[in-house]
Amino acid sequence: MGFTLHGIAVSSGIAIGHAHLVSHTSLEVAHYGVPEQYVAEEVARFDAALKATRDEFSSLRSNRPSHAAAEFDAFLELHQMILDDSLISKAPREMIERERCNAEWALKVQVETLVAQFEEFEDAYLRERQTDVKQVAERLLKQLVGKPGHQLPAARHDVDTILVAHDLSPADLIQFKPQQYAAFVTDVGGATSHTAIVARGLSTPCVVGLHHARQLVREDDLLILDGEQGVLIVNPGRSILAEYKLRQSEWELDRKKLKRLRTARANTLDGEAIELHSNIEKPEDIHEVKENGATGVGLFRSEFLFLNRDELPGEDEQFEAYRAAVVGMDGQPVTIRTFDLGADKQIKGAERVANNPALGLRAIRLCLAEPMLFRTQLRALLRASHYGNIKILIPMLSSVSELNQTLIFIEASKYSLEIDGIPFNREVKIGGMIEIPAAALSVSTFAKKLDFLSIGTNDLIQYTLAIDRTDEEVAHLYDPLHPAVLQLLSLVIGTSNKLGVPISVCGEMAGELAYTRLLLGMGLRQFSMFSAQVPNVKQRVLTTSLPEIATLTQKILRADDPMRIRELLDKLNA
Ligand code: PEP
Ligand code: MG
């Protein structure tokens, strides 16, 4: 009997194959007392397992497969840091000595305490990090019980195989060769889990958060995975199977065609040139930018250089990172956003507690409150501007006085470099992010003082609709098509175009096909998105005629009924 499970779609594509199950990886361990004379030996056993796990991480790092996503190093670093944290590496030793218990039990108790602490976090991203703690603990546990490494079943090569697991760590995923598995399915995890991010990087269809797939699916069951809709169909009937085979070949054909578009210009049918840029987090992401045919970086979220580390990166380290990105882009523009720290992205060891973090000391507000931090970054950015086409982007501007202070900081940094005799581009372009309704409503004031603008729709929607974007309980209210959001977008794009100030969108809306024509109709000519989304959006641009979408776009902007807006949008995208 067939059945269907619904989860969270994290990496698109359709896979049809037989199930391969990975054994349940919960921390089931024995508990027994250790006689006093053997306690030192038990502690030594724990230390040996710790060392073996560290060695395992080092070997994973040095044998990093070339197809691995750039995030892999960051994940490994995070897992190594968790392993080295005293709560994992020291507390169990102390418990073995204090309570004379076996090492596995001490580790399990410690991990459970830690996981309970993570469970308390309000921030969904931080809460999800408990998965990383469990994955590290499982690795360590396997060393303790004498089964090093996560032994995943080998894929069979005669048929496509879909891996079904309760959970998979990013390190597990990364060990697979491309195409070794047709898809990944897990019971746990969310859209922002590291496993999801790595699966996306490997371009393998993946659905997470299926809850009971590991229990309900049996070895060798025939599965269909729709990574677009987040659906897993188990033992489908003949007609469903035939339909999905057709969809799968259409999808594969589309991917092949899209690959051919890499070097094509993104021009509309009526010949208007559209710029499609990428969002990146690290200089290593540049190869993906090029692979997908983006013609620039529209958003480098520089704060990622700051996360998951004990020491802040100094001016030289930052300079090297920015220079690597700009040199890698060979003269194409690289828009680097100054740190958007605060709220859900905190500096380790300097976390701030605020009643409303999204409304607190975040982004440019934090930079202006921490002059040394800001000056260091500005000097590094300016120094890198000597080596290519760097643009500096200021996040979360809300008032002109903030902008004026920022411009003074930039001038002061230029002056200090001149005094030091260090070269930089005097004409480096400075832009601002429009992501607060106040800034959107006074866009002309910002446009007159800046070289370019970029709309951060993720935050603009959050602040316009008063919906915390990290709170899953109000996620259903997060609506890019809310008439108020559309009015603000149209106002900002229209005003910037009228004033001749380049405007782009770098929030998630820019990469979602459903909104490409709507944004084009509003007058947007520059989009910045996750690199893998560029080919799809390019194809949509190539099949769009601006004169043809003008009337429908105006109708959408005049509509106030959400159902009507969706109806008109469907027509626009037909
Ligand atoms: C945005 O707010 O749309 C944006 C691009 O910035 P971030 O998602 O990093 O806040
Ligand atoms: Mg933002």
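Ligands are counted one by one from 1 in listed order, and the atoms in each one are counted from 1 as well. Just so we're clear, the structure is a prediction, and the values are computed from it rather than from any experiment.
When only modelled atom types and interatomic distance are considered, Thr295 and Glu275 share a side-chain donor-acceptor pair under 3.5 Å. At a cut-off of 3.5 Å, with distance as the only test, no side-chain donor of His386 or Asn425 sits close to an acceptor on the other residue.
The distance from atom CZ of Arg337 to atom CG of Leu299, rounded to the nearest 0.5 Å, is 5.0 Å. With values rounded to the nearest 0.5 angstrom, His482 atom NE2 is found 9.5 Å from Leu486 atom CG.
Contact between Arg337 and ligand 1 is present, with at least one heavy atom of the residue lying under 4.0 Å from the ligand. Proximity of Arg362 to ligand 1 is established by a heavy-atom distance of less than 4.0 Å.
Here is the list of ligand 1 atoms found below 4.0 Å of a heavy atom in Leu299: 5 (C). Residue-ligand proximity, Asp340 to ligand 1, at heavy-atom distances under 4.0 Å covers atoms 10 (O). For ligand 1, the atoms lying closer than 4.0 Å to a non-hydrogen atom of Asp459 are 1 (C), 2 (O), 3 (O), 10 (O). The atoms of ligand 1 that sit less than 4.0 Å from any heavy atom of Cys506 are 5 (C).
With respect to Thr457, the side chain to side chain contact (heavy atoms under 4.5 Å, CB included) criterion is satisfied by exactly one of Ile434, Val505, Val485: Val505.
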Item to complete: Using the ring pair (Phe, Tyr, Trp, His ring centres under 6.0 Å) rule, take Phe339 and Phe304 through it: C-alpha gap first, then chi angles, then the decisive distance, then the call.
Response: CA-CA 8 Å; Phe339 309 131; Phe304 278 81; over 10 Å; no

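The Mg ion (ligand 2) is the vertex of the angle joining OE1 of Glu435 and OD2 of Asp459, which measures 100° to the nearest 10°.
Proximity annotation for atom 5 (C) of ligand 1: of Arg301, Glu508, Met529, Arg301 comes nearest, heavy atoms only.
By the 3.5 Å distance cut-off applied to N or O atoms, Thr457 is counted among the residues near ligand 1.
Residues Arg379 and Asp316 are not paired through a salt bridge, judged by the lack of any N-O separation under 4.0 Å between the basic side chain and the carboxylate.
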